[in-house]
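Data first, discussion second: the structure below is written as structure tokens.
Reminder, nothing fancy here: chain letters follow the sequence lines and each chain counts from 1.
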Amino acid sequence: MELQKKLEILSGAAKYDVSCSSSGSKRKNTKVGIGNGSSCGICHSWSDDGRCISLLKILLTNYCVYDCAYCVNRISNDVPRATFTPEEVAGLTINFYKRNYIEGLFLSSAIIKNPNYTMELLYQSVKILRTQHRFNGYIHIKAIPGSDLNLIELTGQLVDRMSVNIELPSSNGLKMLAPQKEKQSILKPMGFINSKILQTKEEKRIVKKTPSFVPAGQSTQLIVGATPDHDLSIIRLSEKLYQHYRLKRVYYSAYVPVTSQNPNLPAINKPPLLREHRLYQADWLLRFYGFSAQELLNESMPNFDTKVDPKANWALNNIHLFPVEINRADYETLLRVPGIGVRSAQKIIRARKVKSLDMDDLKKLGIVLKRAKFFITCKGKYNGGLDINDKLIRYALTDDVKTYDITTQWEQLSLFPMLDSMPTLNDNFMSITGEI
Amino acid sequence: MVNYYYDGSFEGLLTSIYEAYYKRQSPYIAPAQKSKQINMFEENFQIETCQEKASKVYDAIYKKISYDALKHVYHAYLSELDGVSQNIYQYIKLGFKVGKKVDLYLTDESVFPVHNASRLVRKETHLMHGLIRFKSFDDDLYYASYQPDHNITALLIPHFSKRFSSQNWIIHDIKRNIGAVYDKTNCVITDMPNQIYNKQIFKQDQYENLFKEFFNSICIKERINPKLQKQFMPKRYWKHLIEKQ
């Protein structure tokens with residue numbers, strides 16, 4: 001088969017893997033080698049769906065022995081199949097890299113024959129890249145669940161990031177859609193990689209020349225919307241993964257209906273993109289803003305509000321903590337104000353060292369006040385224009401002209417829409433007589 | 001009102017600041033080619049670039065303000081925005097007054113235009129680390145043309161000479177007619193006429209087609225979002241991206 005045809009099939013089959021980051025590795029170039037890692041990561045292009053292309057994302061093969069219902073490469077699906085040889089993968093990577101098309105390689109694979117055989121092929125490909133081509137760029141590789149741990153360890157010494165995809169956030173979902181896979185077999189390599197990374201870190205402290213092991217850490221992916229799991233269980237799972245397996249990232253992939261008619265899969269036409277977006281927002285809150293999953297959602301409200309973002313939602317539910325004074329609040333408190341992110345909070349902290357800030361100063365700092373203005377005071381002055389009442393603010397935040405659907409949401413305006421109950425006749429009498 | 005016009009070089013800008021300080025004037029500083037109309041009622045000076053004076057100002061910024069300030073000044077200068085020379089002058093003046101604290105005055109009229117300009121430059125540099133596309137001449141010389149908003153060619157050199165240290169390459173800014181040339185050991189920036197940029201001399205490269213193929217097949221059709229794509233990768237850069245041709 002022609003290389004072009006193979007590339008078309010195998011990159012098309014890899015596109016549902018969302019991970020693309022190339023950050024976290026500081027691998028240096030060698031004298032006769034090519035490439036290096038960039039710790040902040042570099043995107044090289046953006047495809048028509050707006051997702052960045054930083055790595056050459058391909059499968060080694062899409063011949064698969066498994067039959068997972070959500071997956072486009074399952075054995076029962078009638079799609080064209082192809083296999084790269086390890087040399088072809090290495091050749092493509094190095095030539096794309098020389099022209100600065102990509103930041104490195106993301107190599108995944110369907111399970112051909114058995115897990116060990118597949119892992120062996122993946123190992124061969126990166127070995128050729130690292131030793132024959134002296135490639136020092138970024139390599140992200142999939143650890144195949146069920147393969148030998150020695151093989152995973154050998155591969156880990158060559159690559160920058162490894163990942164094991166969990167895909168379905170609960171064991172029930174796994175049973176229903178991927179009956180051949182088990183939760184334990186997925187978590188085992190994850191735990192192994194984690195302990196290996198820790199061990200290497202410790203050894204590096206003593207012997208500086210210890211060979212690196214997965215320096216950019218490991219990541220995983222969860223499919224959103226293929227199973228009936230709530231956002232709460234997804235976000236709790238992510239929190240556990242960050243704490244116990246010290247993952248760098250959990251990716252969320254809105255389920256794209258790739259298969260026709262399986263009674264266990266939801267019948268949807270469009271991928272749930274907004275839900276995916278809300279999960280990513282919550283994920284950032286977990287990692288960079290000091291939130292816990294329990295704060296964001298609870299059993300009585302297990303899914304995110306589609307109209308307001310998770311942080312604004314949290315703030316509205318905890319309105320008694322607001323407003324905060326911009327000139328005095330500490331960093332952690334500033335971070336919890338809707339509309340103020342890490343960068344804005346840092347800017348505020350720096351700028352207020354020499355000057356106390358007012359509303360105009362915040363605008364000059366480039367802080368988006370659309371949401372923040374309801375939750376802050378500047379020099380003691382509140383500029384939200386509304387009472388600090390969660391219902392009023394929620395109304396103001398969601399009542400966006402663009403999302404306002406006239407046909408379903410119009411109502412007769414009332415002078416007292418926000419009062420808990422209308423005054424009764426008795427109340428009117430009382431207001432005249434003054435007797436209670 | 002006093003106007004200083006300098007030759008457009010970074011040293012020229014620093015010399016103007018030197019002159020302003022020692023002549024005890026507070027002029028309006030601008031690069032010569034950009035000044036459109038000369039007002040006959042104002043005093044106009046052509047500042048002659050002097051290496052010695054420039055390096056004095058350079059050292060003074062480093063010692064009396066900070067390394068960060070020096071970086072902001074240089075990056076802001078490279079932005080080539082209208083009026084940025086004057087902003088830099090105001091920024092340095094404040095810097096000499098308050099020292100390294102100058103970068104805390106984020107809301108000050110003389111600080112935030114400079115910070116803003118230097119941020120734009122660093123942002124575009126980072127973007128170009130990814131968007132530069134090399135064309136290969138027989139696997140021996142790699143040539144890339146591009147048209148950046150700001151004069152960032154010099155800032156691209158460290159990244160590419162580390163990454164492609166065993167490869168001859170040229171990065172050609174066809175908007176400003178300058179180029180960075182690297183020969184596996186050294187890198188220089190030279191004038192480079194526009195005529196070099198000629199699509200005809202490149203042979204068909206199979207990897208270009210392969211990359212186009214990859215670019216198309218990696219996109220999920222159900223999620224097409226051109227607005228998001230343009231937000232990350234503005235259309236003005238597409239001319240030099242082979243996947244978009």
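- Interface remark: of the candidates B:Phe215, B:Trp169, B:Phe112, B:Phe215 forms the most heavy-atom pairs closer than 4.5 Å to chain A.
- When side chains are defined from C-beta on, B:His150 does not count as touching B:Leu78, because their heavy atoms never get closer than 4.5 Å.
- Proximity to chain B involves both the backbone and the side chain of A:Leu56, based on heavy atoms less than 4.5 angstrom apart.
- With a threshold of 4.5 angstrom between heavy atoms, A:Thr30 approaches chain B through N, CA, C or O but not through any side-chain atom.
- With a 4.5 angstrom heavy-atom cutoff, B:Glu243 touches chain A only via side-chain atoms.
- Only the side chain of B:Phe160 comes within less than 4.5 Å of a heavy atom of chain A; its backbone N, CA, C and O stay farther away.
- Residue contact with chain A, scored on non-hydrogen atoms closer than 4.5 Å, involves the side chain of B:Asp205 exclusively.
- Residue A:Ala82 comes nearest to A:Asn62 through the heavy atom pair N-OD1, 2.9 Å, listed as atom of the first residue, atom of the second, then distance.
- Checked by atom type, the side-chain pair A:Ser11/B:Ser217 shows a donor-acceptor distance below 3.5 Å.
- Residue A:Ala13 does not touch chain B at all, counting heavy-atom pairs closer than 4.5 Å.
- For A:Lys57, the parts lying under 4.5 angstrom from a heavy atom of chain B are both the backbone and the side chain.
- Under 3.5 Å, the side chains of A:Asp17 and A:Asn165 contain a donor-acceptor pair of N or O atoms.
- For chain A, the nearby part of B:Ile242 is the side chain; its heavy atoms alone come within less than 4.5 Å.
- Considering only heavy-atom pairs separated by less than 4.5 Å from chain A, the leading option among B:Ser136, B:Pro226, B:Cys219 is B:Cys219.
- Looking at A:Glu276, the atoms closer than 4.5 Å to chain B (heavy atoms on both sides) all sit in the side chain, from C-beta outward.
- Separation of the B:Tyr207 and A:Tyr97 ring centroids does not fall under the 6.0 Å cut-off.
- The ring of B:Tyr146 has its center no closer than 6.0 angstrom to the ring center of B:His240.
- Residue contact with chain B, scored on non-hydrogen atoms closer than 4.5 Å, involves the backbone and the side chain of A:Ile34 alike.
- One side chain, A:Arg278 or A:Gln281, offers a donor N or O that lies under 3.5 Å from an acceptor on the other.
- Interface remark: A:Asn29 contributes side-chain atoms only to the contact with chain B (heavy atom separation under 4.5 Å).
- Put simply, of B:Leu241, B:Ile132, B:Asp103, B:Leu104, the one with the most heavy-atom pairs under 4.5 Å next to chain A is B:Leu104.
- Proximity of a side-chain donor or acceptor of A:Gln221 to a complementary backbone N or O of A:Val18 within less than 3.5 Å is detected.
- Of the two parts of A:Leu7, the backbone and the side chain both hold a non-hydrogen atom closer than 4.5 Å to a non-hydrogen atom of chain B.
- For A:Cys52, no part sits under 4.5 Å from any heavy atom of chain B, backbone or side chain.
- Looking at B:Lys227, there are no atoms closer than 4.5 Å to chain A (heavy atoms on both sides), in backbone or side chain.
- If you measure heavy-atom distances from A:Lys347 to chain B, the contacts under 4.5 Å come from both the backbone and the side chain.
- For chain B, the nearby part of A:Lys31 is the backbone; its heavy atoms alone come within less than 4.5 Å.
- Using a 4.5 Å cut-off between heavy atoms, B:Asp108 does not touch chain A at all.
- Two rings, from B:Phe232 and A:Trp46, have their centers less than 6.0 Å apart.
- With no hydrogens or angles considered, a side-chain donor-acceptor pair links A:Asn36 and B:Arg163 at under 3.5 Å.
- Look at B:Glu208 and A:Arg99 and you find no salt bridge, because none of the NZ, NE, NH1 or NH2 atoms lies under 4.0 Å from a carboxylate O.
- Of the atoms belonging to B:Phe211, heavy atoms from both backbone and side chain fall under 4.5 Å from chain A.
- Contacts with chain B were tallied for A:Arg350, A:Lys98, A:Glu103; A:Lys98 has the most, counting heavy-atom pairs under 4.5 Å.
- Residues B:Asn168 and B:Tyr143 have side chains that never bring a donor and an acceptor to within less than 3.5 angstrom of each other.
- Two residues are said to be in side-chain contact when any heavy atoms from C-beta on lie closer than 4.5 Å; B:Gln229 and A:Ser47 fail this criterion.
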